[in-house]
Number of protein chains: 2
Amino acid sequence: MSFAQLDPLLHSQLRLAVMSLLIGVDSAEFVFIKEKTGATAGNLSVQLDKLSNAGYISVTKSFKGKKPLTTCSITKVGIKAFEDYVNNLKQYIE
Amino acid sequence: MSFAQLDPLLHSQLRLAVMSLLIGVDSAEFVFIKEKTGATAGNLSVQLDKLSNAGYISVTKSFKGKKPLTTCSITKVGIKAFEDYVNNLKQYIE
DNA sequence: AAAATTAGGTTTATAATGTAAACCATTTTA
DNA sequence: TAAAATGGTTTACATTATAAACCTAATTTT
């Protein structure tokens, strides 16, 4: 039995933290994710794009009053990918 | 509570697989590790160097008959680092 | 006994990735 | 009305991962 591949999109500290956050909530705002993960805004913006392009999260941009508001939520595909990642990872750490 | 840092030296698929292998055995030979992980020799060579330089594994080079033989084993420091990594990681995946 | 192949690696060039710094538009504060 | 803050995005750079090329010695083939 050899080691399963770990989805490279999830095997990134920041992206994994984002997914970990999102899997527990309905949705979360950019600023909230930024604070919880301790990421810089720039880095977070890039990584959210990657997760979004992969279909792992959905990102909607609107306004809170007159300020931009970016809201994220995990998708079904994202949940599946996260679960698979965790299962594969367990092979490495158990 | 924010997310703990994941040791970047261990947060690499191949290096994690190597550590995962080594934590269960006394020692392992280069070719064995290569086969178990599915890595190319070049990549494995580089990653073993990194783990070795960090003091996470010890690497001894000798000869089996007249062929070179590279043997690896995990160190105490390596075990500790691996355990810490696993503990921190659990925060992300549970 | 050359020549080719295999074994066991290492070196290095390139591609991919991660990240912070710089930037932009708007809004609030002094 | 400047200056600073908010909420991001873009982009340039540094780091990392990886495969391809290479090396030395030992076998095997012709």
Side-chain angles (χ1 to χ4, degrees), chain A residues 2-22 27-54 56-73 81 85 92, chain B residues 2-22 27-54 56-73 81 85 92:
Chain A
S2 82
F3 292 93
Q5 279 290 117
L6 298 176
D7 183 346
L9 214 80
L10 293 183
H11 198 66
S12 137
Q13 185 171 175
L14 180 50
R15 289 194 300 268
L16 190 63
V18 168
M19 294 293 280
S20 178
L21 265 183
L22 291 183
S27 70
E29 298 178 6
F30 186 97
V31 172
F32 175 80
I33 300 174
K34 177 174 176 298
E35 277 165 8
K36 280 289 183 181
T37 59
T40 61
N43 193 11
L44 182 57
S45 178
V46 170
Q47 308 309 330
L48 289 180
D49 267 6
K50 289 185 186 176
L51 290 172
S52 173
N53 288 334
Y56 289 3
I57 67 173
S58 70
V59 177
T60 62
K61 283 149 204 278
S62 59
F63 287 86
K64 174 160 62 178
K66 293 184 176 177
K67 288 178 190 167
L69 176 69
T70 298
T71 306
C72 305
S73 57
Y85 173 80
Y92 291 74
Chain B
S2 82
F3 293 92
Q5 279 291 116
L6 298 176
D7 183 347
L9 214 80
L10 294 182
H11 198 67
S12 135
Q13 185 171 175
L14 179 49
R15 289 194 300 270
L16 190 63
V18 168
M19 294 293 280
S20 178
L21 265 183
L22 291 182
S27 69
E29 299 177 6
F30 187 95
V31 172
F32 175 80
I33 300 174
K34 178 174 174 300
E35 278 165 8
K36 279 291 183 180
T37 58
T40 61
N43 192 11
L44 182 56
S45 180
V46 171
Q47 308 310 328
L48 289 179
D49 266 6
K50 288 185 187 177
L51 290 172
S52 174
N53 288 334
Y56 288 3
I57 68 173
S58 69
V59 177
T60 63
K61 282 150 205 277
S62 60
F63 286 86
K64 174 159 61 177
K66 294 184 175 175
K67 288 176 190 169
L69 176 68
T70 299
T71 307
C72 305
S73 55
Y85 173 81
Y92 291 75

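Chain A is the first sequence line, chain B the second, and so forth, proteins listed ahead of strands; every chain is numbered from 1. As the structure is a computational prediction, the values presented were derived from the model and not from experiment.
Each of Asn43(B) and Lys67(B) lies near DNA chain D, and the nucleotide nearest Asn43(B) is the one positioned closer to the 5' end. The nearest heavy atom of DNA chain C to Gly42(A) and to Pro68(B) marks one nucleotide each, and the one closer to the 5' end goes with Pro68(B).
Between Val18(A) and Tyr56(A) the shortest side-chain heavy-atom distance does not fall below 4.5 Å. In this structure, Leu69(A) and Lys67(A) have side chains that are not in contact, with every pair of non-hydrogen atoms separated by 4.5 Å or more. Met19(A) has its side chain within reach of Ile57(A): a pair of non-hydrogen atoms, C-beta onward, lies under 4.5 Å apart. Two residues are said to be in side-chain contact when any heavy atoms from C-beta on lie closer than 4.5 Å; Val59(B) and Phe30(B) fail this criterion. Considering only heavy atoms from C-beta on, Gln13(A) comes within 4.5 Å of Tyr92(B) through its side chain.
Of the residues in residues 6-22 of chain B, none lies under 4.0 Å from DNA chain C by heavy-atom distance. Within residues 56-63 of chain B, no residue approaches DNA chain D, by heavy-atom distance under 4.0 Å.
Atoms CZ and CG, from Arg15(B) and Leu44(B) in turn, are 11.5 Å apart once rounded to the nearest 0.5 Å.
A donor-acceptor pair under 3.5 Å links the side-chain atoms of Thr37(B) to the main chain of Ile33(B), judged by distance alone.
When all heavy atoms are compared, the tightest approach of Ala81(A) to Asp7(A) is CB-OD2, 4.2 Å. Looking at every heavy atom in both residues, Phe3(B) comes nearest to Lys36(A) through CD1-O, 3.7 Å. Looking at every heavy atom in both residues, Cys72(B) comes nearest to Leu22(B) through O-CD2, 3.7 Å.
Using a 4.0 Å heavy-atom criterion, one finds that Val46(B) contacts the bases of the nucleic acid, with or without backbone contacts as well. If you check every strand for non-hydrogen atoms under 4.0 Å, Leu44(A) touches nothing.
In this structure, the CZ atom of Phe32(A) is 14 Å from the P atom of dG8(D), given to the nearest Å. Across the protein-nucleic acid pair, Lys64(A) atom NZ and dT6(D) atom P stand 12 Å apart, rounded to whole Å. Gln47(B) has its CD atom 16 Å from the P atom of dT15(D), to the nearest Å. Between Asp49(B) atom CG and dT15(D) atom C1' there is a gap of 17 Å when expressed in whole angstrom units.
Residue Lys66(B) places none of its side-chain N or O atoms closer than 4.0 Å to OP1 or OP2 of dT27(D). Put simply, Ser45(A) has no side-chain N or O that comes within less than 4.0 Å of OP1 or OP2 on dG8(D).
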TODO: Given side-chain contact (heavy atoms from CB on, under 4.5 Å), test Val31(A) with Thr70(A) step by step and report yes or no.
DONE: CA-CA 8 Å; Val31(A) 172; Thr70(A) 298; over 6 Å; no
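In the 5' to 3' direction, nucleotides of DNA chain C lying under 4.0 Å from heavy atoms of chain A begin and end at dG18(C) to dT27(C).
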